[in-house]
2 protein chains.
Amino acid sequence: MTPSGRQGRKPRADVQRNRATLLETAQRHFLRYGVGTSLEAVAKEACVGPGTLYRHFPTREALLAAVLQTRSEELAARQAGIEQLGDPAEALERWLRAMEEYFSAYSGLPEPLMAAARAQEPDSPLTIPCDILITATDQYVRAAQHAGHVRASVRGYDLFLAACSLAWIKGNDTDEESLDRLRALIASGYRERDALA
Amino acid sequence: MTPSGRQGRKPRADVQRNRATLLETAQRHFLRYGVGTSLEAVAKEACVGPGTLYRHFPTREALLAAVLQTRSEELAARQAGIEQLGDPAEALERWLRAMEEYFSAYSGLPEPLMAAARAQEPDSPLTIPCDILITATDQYVRAAQHAGHVRASVRGYDLFLAACSLAWIKGNDTDEESLDRLRALIASGYRERDALA
DNA sequence: GTCGAAACGGATGCTGCCTCCGTATATCTT
DNA sequence: AAGATATACGGAGGCAGCATCCGTTTCGAC
């Protein structure tokens, strides 16, 4: 029998401390060097051995997912703000922008996200968060479609992919002007032509 | 004085042979494993030492550019065919599709292309080919704009980026159906709304 | 055949990944 | 307070890939 209900022993203090330090350090390194940064370097700067890092986070993706948890909460906060306004078209637009920024948090982030998004079985720790985002996007899309602002053929997944692409392009140091034109191009691609607006 | 006009010595035969074998092998490996494949493995399969590979192609990008040369010629051929038809809108559409396929030739190809595209100084062997493609795209765009089929705000570079993104998404094993919807979305983004048809 | 330039190729040093297991330590027991 | 034990630590080590350097080989010229 596993001691599932109550643990027979209080969890050790150093575990939580190390985990927190690792997450903090990893976030800094992802920010500075991208998601491909050396995990050994992260471990060293967190003053733990590589073994400890890998015990806490078995794969790079697991670490990434844990670090991303914080950002996800920020995104949720923005989501709450977005849903305040009644205009579904505006809401969709802002949501897409929020996702794009979320995806641009660290350079190289779009790749693992894409990989996780198409996996049906949650073999990656990123699959669940991705599915949540896709579902959320779909809801914004449906609302905007219902109000006649978005073409019927558009799926939430399509715009998820679009946001991912924009983040990818952004991560390649493309100038903001070109990005704005691309965003506009995509927007006028999903918007209904004879919108009531 | 350098013997620039004529070489003082006939080029060695093994040089050309090795180069050809390396290109052939590299193409196979890029095709099977993507542009990130192990260069050591390529050298080994081509029956040369790593030193030889690096002497012929100092960087991964140099090798990639050389391999891509072949594909470029195919693209040029398609371009010739495209310019036959008089419809500029159709021509642009086909050109974009051709570029997308070109970019999808090997998995991981879009990244170095993007990196090369934004470099102004040809520090990468891929910069020149990229500029050629962008210029070509711009010409197709202008022609289509002149005929009133494409919105005035669109630049060739924008659609180059779009094609690159599509290839990137494609390289992440996205299903063809979603890709088609994205292509349609982009197309209806750059097309003029009140087109003459 | 000999010579010299040119090219070869693999040994080498480096970085990063990931695992395994002897050691250290936090918590529990009495 | 001190021993017992589960739990976690950490770094050594094996592996793979990159990129270089230099002693050796090979090709072409004469």
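Just so it is clear: chains get the letters A, B, ... in the order the sequence lines come, proteins before strands, and each one is counted from 1. The structure presented is a predicted model; accordingly, all values stated were derived computationally and were not measured.
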field: Euclidean distance, atom CZ of residue R19(A) to atom C1' of dT7(D) [Å, nearest integer]
entry: 17 Å
- prompt: What class does the angle between the rings of W95(B) and Y140(B) fall in, given that below 30° is parallel, 30 to 60° is tilted and above 60° is perpendicular?
  reply: parallel
- request: State whether the number of non-hydrogen atoms from other residues, nucleotides or ligands found under 6.0 Å of E176(B) atom CD is greater than 12.
  value: yes
- request: Using modelled atom types only, decide if a donor and an acceptor are shared between the side chain of T174(B) and the backbone of I169(B) within a distance under 3.5 Å.
  value: yes
query: Whole-Å distance between dG9(C) C1' and L22(B) CG?
result: 12 Å
message: Please classify the nucleic acid contact of T59(A) as base, sugar-phosphate, or nothing, using heavy-atom distances under 4.0 Å.
response: nothing
Any side-chain donor near an acceptor of the partner, T25(B) and E45(B), under 3.5 Å: no
message: Treating primed atoms plus P, OP1 and OP2 as sugar-phosphate and everything else as base, which nucleotides of nucleotides 24-30 of chain C get B, S or - for protein heavy atoms under 4.0 Å?
response: -BSBS--
message: Check this for me, if you would: do R181(A) and E177(A) make a salt bridge, where the nitrogen-to-carboxylate-oxygen distance has to be below 4.0 angstrom?
response: yes
- prompt: Between atom CG in L63(A) and atom P in dC17(C), what is the gap in whole Å?
  reply: 11 Å
message: Base, sugar-phosphate or nothing for P50(B)? Non-hydrogen atoms, less than 4.0 Å.
response: base
Short side-chain N/O contact from N18(B) to OP1 or OP2 of dA7(C), under 4.0 Å: no
message: If you count heavy atoms of other groups shown closer than 6.0 angstrom to CD of E24(B), is the number above 12?
response: no
SB check R97(A) E93(A) (cutoff 4.0 Å): no
task: Among the candidates dA7(C), dC9(D), dC17(C), find the nucleotide nearest to the side-chain atoms of L39(A).
output: dC17(C)
- prompt: Using the C1' atoms of five pairs at each end, what's the angle between the two axes of the helix from dG1(C)-dC30(D) to dT30(C)-dA1(D), to 10 degrees?
  reply: 10°
field: Salt bridge D180(B)-R183(B), side-chain N to carboxylate O under 4.0 Å
entry: yes
message: Looking only at side-chain N and O atoms, does Y102(B) offer a donor or acceptor that is under 3.5 Å from a partner on E74(B)?
response: no
message: Output the rounded distance in Å from CZ (R55(B)) to P (dC18(D)).
response: 17 Å
statement: In whole angstroms, the gap separating P of dC18(C) from CG of L53(A) amounts to 10 Å
statement: When rounded to whole Å, the NZ to C1' distance for the pair K44(A) and dG11(D) reads 11 Å
- request: Starting from the 5' end of DNA chain D, give me the residue, T52(A) or E40(A), whose nearest nucleotide shows up first.
  value: T52(A)
message: Strictly below 4.0 Å: does S38(A) bring a side-chain N or O up to OP1 or OP2 of dT15(C)?
response: no
query: Nearest-Å distance, OH (Y54(A)) to C1' (dC21(C))?
result: 18 Å
Rounded distance in Å - NE2 (H56(A)) to P (dT7(D)): 14 Å
